[in-house]
Number of protein chains: 2
Amino acid sequence: MTIPPRRPLTLRDVSEASGVSEMTVSRVLRNKGDVSEATRAKVRAAAKKLGYVPNRIAGSLASSRVNLVAVIIPSLGNMVFPEVLSGISETLAGTGLQPVFGVTDYLPETEERVLFEMLSWRPSGVIIAGLEHTEASRAMLMRAEIPVVEIMDSDGAPIDACVGISHRRAGREMAEAILREGYRRIGFLGTKMPADHRARKRFEGFTRHLARAGVEIADQEFYSGGSALKKGREMTEALLSRTPDLDFLYFSNDMIGAGGLLWLLEQGFDIPGQIGLAGFNGVELLDGLPRQLATMDACRREIGREAARIIAARCANPAEGGAERVELTPLIARGDTLRRR
Amino acid sequence: MTIPPRRPLTLRDVSEASGVSEMTVSRVLRNKGDVSEATRAKVRAAAKKLGYVPNRIAGSLASSRVNLVAVIIPSLGNMVFPEVLSGISETLAGTGLQPVFGVTDYLPETEERVLFEMLSWRPSGVIIAGLEHTEASRAMLMRAEIPVVEIMDSDGAPIDACVGISHRRAGREMAEAILREGYRRIGFLGTKMPADHRARKRFEGFTRHLARAGVEIADQEFYSGGSALKKGREMTEALLSRTPDLDFLYFSNDMIGAGGLLWLLEQGFDIPGQIGLAGFNGVELLDGLPRQLATMDACRREIGREAARIIAARCANPAEGGAERVELTPLIARGDTLRRR
DNA sequence: TTGAAAGCGCTAACAT
DNA sequence: ATGTTAGCGCTTTCAA
């Protein structure tokens, strides 16, 4: 019985154990170059027996190739980002590339720090949420000379590639749909998050279209922190007790929309006759509600997939392929809460 | 105006731009060793102006120190793991350590692959969900000579440290509480996931205690995939139409419990008189439901914090500190759905 | 307080 | 098909 070493194993250990040169061992373990079947078998056996785990730090330094893709998102707290991440993992799975996640909490300075931290590992690409970054962050991304895909949003000027939806347009289309159904006394419920640029843009697109039709938001309510479902209830109650004649509530996300819906149903409101509702995101959760909340699909998984596809393609062939711009089209799902006519 | 270089900047570039030796530049950027204030300033200015991002691959190879902590979890799809991750990030934030997440989809072979992948980056520690792993995974973890914390579960033999709750006990305590309230015709609703060992253990603890009291599960229903809220509804309906005399439903997670609760309320059931309900996890979402579902807090954030604390401590002082075992105590929250008496 | 030399564990490029 | 050599960009160690 051999005594297990106190230090991590190296190629040399496998080389000695198998009687094959380090270089050939390296080739076998990477499936690179021609190695006879006999040698491969010897090496594989030795590596397995020893429990050798290659040192990618050394490998990456030597080859100046890193199989990591940095993925930077604002939050894990709501269900929107996990789905984007799934789309990314799923698509990257077959490519040898590995996603590494970083979370910014919607703070630009944190984003900057996380980005610096990740770039210091010299990843093969970056997928980052949003188009708004600090000057320093933009500078880092531009200097990095690697594919960068900004996701979720297409209203603005991307650094490189971009996959997302237009939130201004999403807001506008929802406004159109609401007006078309004949609603006029419209309330808005959202988050108190100046740094959530996508929510802000939806709001802008929404109010702008209303204004064009001569309609103004009749009342609004904002929240931060806590259970979104509960906040949705509370805000809805507050809004309606202050402005009882509202005939429509536009929620900036489905979770608060669901809370509002539950509360209104309990109170015996006639939906969508007396009051209509809409949220945003198209989360799976809505399927289980007593009524189908109207919403707009944010194409989350699709965005993840596309972004990963772009990164993978650029990594496989760095020469070709310019800065792709993919604008996805989110469709309104009218559900049961947006059909007055 | 200088022409930006086509290759990533190195220490040497900063050295040349600042007129300070590479070694001293390295010291400044790491805040290590004594360097005069004047030199520091020169170096900092040069690094900032050039937009230098250190190469951690080279740094880690040279120092054989890596600031990464591998975090391996089964899924991001439900809200249980994101909260664990938050606890970890939060606690690691001040330590210079950086979490890197990997997802296994509840597949042992995927776990093995992800683990291998992560260990090849020579992380400073591993946090991994569960106590059940393949032989190869266990072997890798043991050879790695780094702190390993298995989380979420304490029913079993950990490889090294361990932070979690006893799911058998959680199941047993819920059974006790249900029986104590006088319920006897009990239905169980859960997931079709043989690899979800924690759900399995809760189920075992639950049925075992019932058996001791001479009670058997009257009926059960399992699901996989889809919106958990919706599945909760559907399963509840199916179960009650098959076995109408049930007086209690134990759901293996809060999301399906919430679905069941909503359906029962719509049908006009008297809760908790006619039928009682309980879930598991203590998710924030429950706060916004029309009634407070009884549940058991799985201490998710706390588990993340503790695990991170252990890793950080062991990294700071590798000598001392054996394999800590932390068993947290999940408390029953009776809510509105578990109080017949 | 600063610098020079050696080498971390691997792989590219070039032998053989 | 296999081996040899020379680094990758940084930090450790030792010297000045």
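Chain letters run A, B, ... following the sequence lines, proteins first, then strands; residues in each count from 1.
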Chemist: Is the distance from OP1 or OP2 of D:dA1 to the nearest side-chain N or O of A:S36 less than 4.0 Å?
Modeler: no
Chemist: Hey, does the side-chain of A:R7 have a donor or acceptor N/O within less than 3.5 Å of a partner on the base of C:dG9?
Modeler: no
Chemist: Would you please test A:R12 and A:E16 for salt bridge (Lys or Arg N to Asp or Glu O under 4.0 Å) and show each step?
Modeler: CA-CA 6 Å; A:R12 160 168 239 129; A:E16 282 167 4; 3.5 Å; yes
Chemist: Taking 4.0 Å as the cut-off, does a side-chain nitrogen or oxygen of A:S63 come that near to OP1 or OP2 on C:dT11?
Modeler: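 So the side-chain polar atoms of A:S63 never come under 4.0 Å of the phosphate oxygens OP1 or OP2 of C:dT11.
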Chemist: When you measure from the side-chain N and O atoms of B:R122 to the phosphate of C:dG9, is any distance below 4.0 Å, counting only OP1 and OP2?
Modeler: no
Chemist: Using a strict cut-off of less than 4.0 Å between a Lys/Arg side-chain nitrogen and an Asp/Glu carboxylate oxygen, indicate whether B:E145 and A:R7 qualify as a salt bridge.
Modeler: no
Chemist: Show the numbers, then the answer: is there a side chain to side chain contact (heavy atoms under 4.5 Å, CB included) between A:L141 and A:V126?
Modeler: CA-CA 8 Å; A:L141 287 168; A:V126 176; 4.0 Å; yes
Chemist: Check whether any side-chain N or O of A:Y52 sits under 4.0 Å from OP1 or OP2 of C:dG9, and answer yes or no.
Modeler: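 Checking C:dG9 against A:Y52, no side-chain N or O comes under 4.0 Å of OP1 or OP2.
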Chemist: Test for a donor-acceptor pair under 3.5 Å between the base of C:dG3 and the side chain of B:R27, counting only N and O atoms.
Modeler: yes
Chemist: Between C:dA12 and A:R65, is there an OP1 or OP2 to side-chain N/O distance shorter than 4.0 Å?
Modeler: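 For C:dA12, OP1 or OP2 has a side-chain N or O of A:R65 closer than 4.0 Å.
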Chemist: For A:T39, answer base if it contacts any base atom (sugar-phosphate contacts may also be present), sugar-phosphate if it contacts only those atoms, and nothing otherwise; contact means non-hydrogen atoms under 4.0 Å.
Modeler: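 Contact class for A:T39: sugar-phosphate only.
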Chemist: Whole angstroms only, please: what is the CZ-P distance between B:R12 and C:dA4?
Modeler: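 Computing the B:R12:CZ to C:dA4:P distance gives 11 Å.
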Chemist: Please tell me which of the listed nucleotides, D:dG9, D:dA1, D:dT11, lies nearest to the side chain of A:D34?
Modeler: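 Nearest to the side-chain atoms of A:D34, counting from C-beta on, is D:dA1.
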Chemist: Atom NZ of A:K32 to atom C1' of C:dA13: distance rounded to whole Å?
Modeler: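 To the nearest whole Å, that distance equals 13 Å.
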Chemist: Quick check on DNA chain C: between B:M23 and A:A62, whose nearest nucleotide comes earlier from the 5' end?
Modeler: B:M23
Chemist: Minimum heavy-atom separation for A:S15 to A:S21, with atom names?
Modeler: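 A:S15 and A:S21 have their closest heavy atoms at OG-C, 3.7 Å.
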Chemist: Check the phosphate of D:dT11 against B:S64, side-chain N and O only, distance under 4.0 Å to OP1 or OP2. Yes or no?
Modeler: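 For D:dT11, neither OP1 nor OP2 has a side-chain N or O of B:S64 closer than 4.0 Å.
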Chemist: So, is A:T24 close to the D:dT2 phosphate, meaning a side-chain N or O under 4.0 Å from OP1 or OP2?
Modeler: no
Chemist: Rounded to the nearest angstrom, tell me the gap between atom CZ in B:R56 and atom C1' in D:dT11.
Modeler: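 Taking atom C1' of D:dT11 as the reference, CZ of B:R56 is at 14 Å.
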Chemist: Can you name the nearest heavy-atom pair linking A:L9 to A:Y52, along with the distance?
Modeler: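 Looking at all heavy atoms of both residues, the closest pair is O-CE1, 3.5 Å.
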Chemist: In whole angstrom, what separates B:N67's CG from D:dC10's C1'?
Modeler: 15 Å
Chemist: Heavy-atom nearest nucleotide on DNA chain C for A:R30 versus B:V35: which residue maps closer to 5'?
Modeler: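 The answer here is B:V35.
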Chemist: C:dA12 P sits how many Å from A:E22 CD, rounded?
Modeler: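 Roughly 15 Å, once rounded to whole Å.
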Chemist: Taking the inter-plane angle between the rings of A:F101 and B:F101 on a 0 to 90° scale, is it parallel (under 30°), tilted (30 to 60°) or perpendicular (over 60°)?
Modeler: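 Parallel: the ring planes of A:F101 and B:F101 meet at under 30°.
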Chemist: Can you tell me the distance, in whole Å, between the CH2 atom of B:W121 and the P atom of C:dC8?
Modeler: 19 Å
Chemist: Among the candidates C:dG3, D:dT12, C:dC10, find the nucleotide nearest to the side-chain atoms of A:L11.
Modeler: C:dC10
Chemist: Once you round it to whole Å, what is the distance between C1' of C:dT11 and CD1 of B:I57?
Modeler: 14 Å
Chemist: Can you check the B:E16 CD to D:dG9 P distance for me, whole Å?
Modeler: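 Atom-to-atom, B:E16 to D:dG9, this comes out as 13 Å.
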